[in-house]
Amino acid sequence: MQQPTCTSLRVRSPHDAQIIFHAVALNVLPMVTRRLDTEERRSISSGCVFVWEERGPSPEATGLGIERWTDGKRWGPSRVRDEFLFYQEKDPEPVDTDPNSDSDTTIGSSPLAQSGAHREYVRPSLVKQTYSVFVETARGRKKWHLIAYFTHDTLDYLRTVSDLPDLARIVVPLGNYRSARHNTSKHNRAQREERPHPFTHQYIPYPSPPRATVQSTHSGLYASDGLQLMDRPGRAPPRDGQALAPLIYLQNLAPPRRHPLDEEALMAFYPGLC
């Protein structure tokens, strides 16, 4: 049966987690090398700590690592604190207290079991604490994970790395274990800063048209771009080969007559207007 990396231990800070990681690197503590089976999942209790390596993109090269962690329990949404992720267990399974039961989860020493009563005991829900780092190994850069389980009722009774001499004397080299969450957050933040926000628009002023300067010649008026504005006699230049009427002629033309219905309407309101 595969044993946890530590038992009866709580992880107080990222530094505690890095001490455990370095103890695994020094072979002081064991690493979990495969996914937990059914019996090992049932044995998870408060104070169990597991360290495991995430399987790389080419697992056939080494055959080491675990693709993902599974413990057979249902968890609520994650909460972040001090680079840790915390998950609260949902609906823990009841434990059978029948003394005649063959179940592995029977509590034979409980008062209910000794009295012969057949009841189910719902254990306190666990809290799962996770922490991930990148570490340089002889096989290249790897991602290590720490999973710690505890209950709020037993947290104060669990040991710490300071209580274990083999762990208390360990000095972690600076920079050996870089938080994977910290690096991911910085990378995502840099991407967000480089990527334009979909709801922001950059204002680009519309270019003003260039001002045309007018030059007078013996043949007429010309703009700076060569467009002829008016010939010498005061007529606009011809378009499509047809000469246009002089402007003075158009200004002296009488306005077009209104529609008869419009005239009747105006005469009804203003008899002397039309």
Side-chain angles (χ1 to χ4, degrees), residues 1-55 64-73 75 78-89 92 95 104-105 123-139 142-182:
M1 184 174 177
Q2 189 171 215
Q3 299 297 324
T5 302
C6 304
T7 57
S8 302
L9 189 72
R10 65 186 176 105
V11 182
R12 302 167 297 179
S13 65
H15 183 65
D16 281 3
Q18 292 179 10
I19 290 177
I20 297 174
F21 281 135
H22 199 53
V24 171
L26 297 174
N27 294 322
V28 175
L29 295 175
M31 174 181 284
V32 178
T33 57
R34 59 169 174 80
R35 296 172 63 177
L36 304 182
D37 59 26
T38 303
E39 184 66 22
E40 292 164 352
R41 294 176 186 177
R42 289 177 180 175
S43 300
I44 294 176
S45 60
S46 180
C48 288
V49 179
F50 300 86
V51 172
W52 57 283
E53 181 180 297
E54 184 175 313
R55 181 175 297 178
L64 300 176
I66 302 174
E67 185 176 356
R68 63 186 182 92
W69 184 258
T70 54
D71 50 25
K73 306 182 187 303
W75 303 98
S78 63
R79 298 181 181 277
V80 183
R81 187 173 71 244
D82 295 336
E83 298 185 10
F84 290 104
L85 290 178
F86 293 87
Y87 303 82
Q88 183 72 41
E89 185 182 13
V95 180
D104 294 330
T105 57
R123 60 172 176 77
S125 60
L126 291 169
V127 177
K128 179 168 66 174
Q129 176 184 7
T130 69
Y131 182 68
S132 304
V133 296
F134 290 109
V135 55
E136 298 294 336
T137 69
R139 295 171 286 109
K142 300 297 179 181
K143 191 174 184 179
W144 286 8
H145 301 270
L146 179 144
I147 312 289
Y149 298 90
F150 64 89
T151 63
H152 293 290
D153 295 338
T154 61
L155 188 60
D156 293 336
Y157 301 97
L158 298 177
R159 299 175 299 175
T160 67
V161 295
S162 303
D163 300 324
L164 304 176
D166 289 342
L167 300 182
R169 66 170 64 100
I170 289 179
V171 178
V172 180
L174 186 63
N176 263 33
Y177 306 95
R178 298 185 177 274
S179 172
R181 179 172 178 80
H182 179 66

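- Pairing each heavy atom of Thr137 with each of Trp144, the nearest pair is CG2-CZ2, 4.1 Å.
- For residues 20-32, every residue pair satisfying the side chain to side chain donor-acceptor pair (under 3.5 Å) rule, not counting sequence neighbours, is listed here: His22-Tyr177.
- Every residue two or more places apart in sequence or in another chain that forms a side chain to side chain contact (heavy atoms under 4.5 Å, CB included) with Leu155 is listed here: Arg10, Phe150, Leu158.
- Asp163 is linked by a side-chain hydrogen bond (donor to acceptor under 3.5 Å, both in side chains) to Thr160, counting only residues two or more places apart in sequence or in another chain.
- In this structure, CG in Asp166 is found 8.0 Å from CG in Leu29, a value given to the nearest 0.5 Å.
- Counting only distance, with no hydrogens or angles, the side chain of Asp82 and the backbone of Phe84 share no donor-acceptor pair below 3.5 Å.
- Residues satisfying the side-chain hydrogen bond (donor to acceptor under 3.5 Å, both in side chains) test with Gln18, not counting sequence neighbours, are Tyr131.
- The minimum heavy-atom distance between Leu126 and Trp75, with the atom names listed, is O-CZ3, 3.5 Å.
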Thr151 and Arg123: CA distance, side-chain angles, deciding distance, side chain to side chain donor-acceptor pair (under 3.5 Å) verdict: CA-CA 10 Å; Thr151 63; Arg123 60 172 176 77; over 6 Å; no
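- In terms of heavy-atom proximity, Ala17 sits nearest to Val11 at N-CG1, 3.8 Å.
- Contact check for Asp16 versus Leu9: no side-chain heavy atoms found under the 4.5 Å cut-off.
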Evaluate side-chain contact (heavy atoms from CB on, under 4.5 Å) for Leu146 paired with Gln129, printing each intermediate quantity in order. CA-CA 8 Å; Leu146 179 144; Gln129 176 184 7; 5.6 Å; no
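- Here the side chains of Asn176 and Phe21 are not in contact, with every heavy-atom distance at 4.5 Å or above.
- Taking every heavy atom of both residues into account, Arg41 and Thr70 meet most closely at NH2-OG1, 3.2 Å.
- Smallest separation of non-hydrogen atoms from Pro124 and Glu89: O-OE1, 4.5 Å.
- Annotation: side-chain hydrogen bond (donor to acceptor under 3.5 Å, both in side chains) contacts of Arg79 (sequence neighbours excluded): none.
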Could you walk me through whether Val133 and Arg178 pass the side-chain contact (heavy atoms from CB on, under 4.5 Å) check? CA-CA 5 Å; Val133 296; Arg178 298 185 177 274; 5.9 Å; no
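- Residue Glu53 is tested with His145, Lys142, Lys143, Arg139 for a side chain to side chain donor-acceptor pair (under 3.5 Å); the sole match is Arg139.
- Looking at Arg159, its side chain does come within 3.5 Å of a backbone N or O of Thr7 through a donor-acceptor pair.
- Here the straight-line distance linking atom NE2 of His152 with atom OG of Ser46 works out to 10.0 Å at 0.5 Å rounding.
- Atom OG1 in Thr130 sits 12.0 Å away from atom CH2 in Trp69 (nearest 0.5 Å).
- Annotation: side-chain hydrogen bond (donor to acceptor under 3.5 Å, both in side chains) contacts of Thr33 (sequence neighbours excluded): none.
- Here the closest non-hydrogen pair linking Val51 and Met31 is O-CG, 3.3 Å.
- A side-chain contact (heavy atoms from CB on, under 4.5 Å) with Glu40 holds for exactly one of Gln3, Gln2, Arg35; it is Gln2.
- Side-chain contact check for Ser132 versus Glu54: every heavy-atom pair is 4.5 Å or farther apart.
- Looking at Leu36 and Phe50, their side chains come closer than 4.5 Å, going by heavy atoms from C-beta outward.
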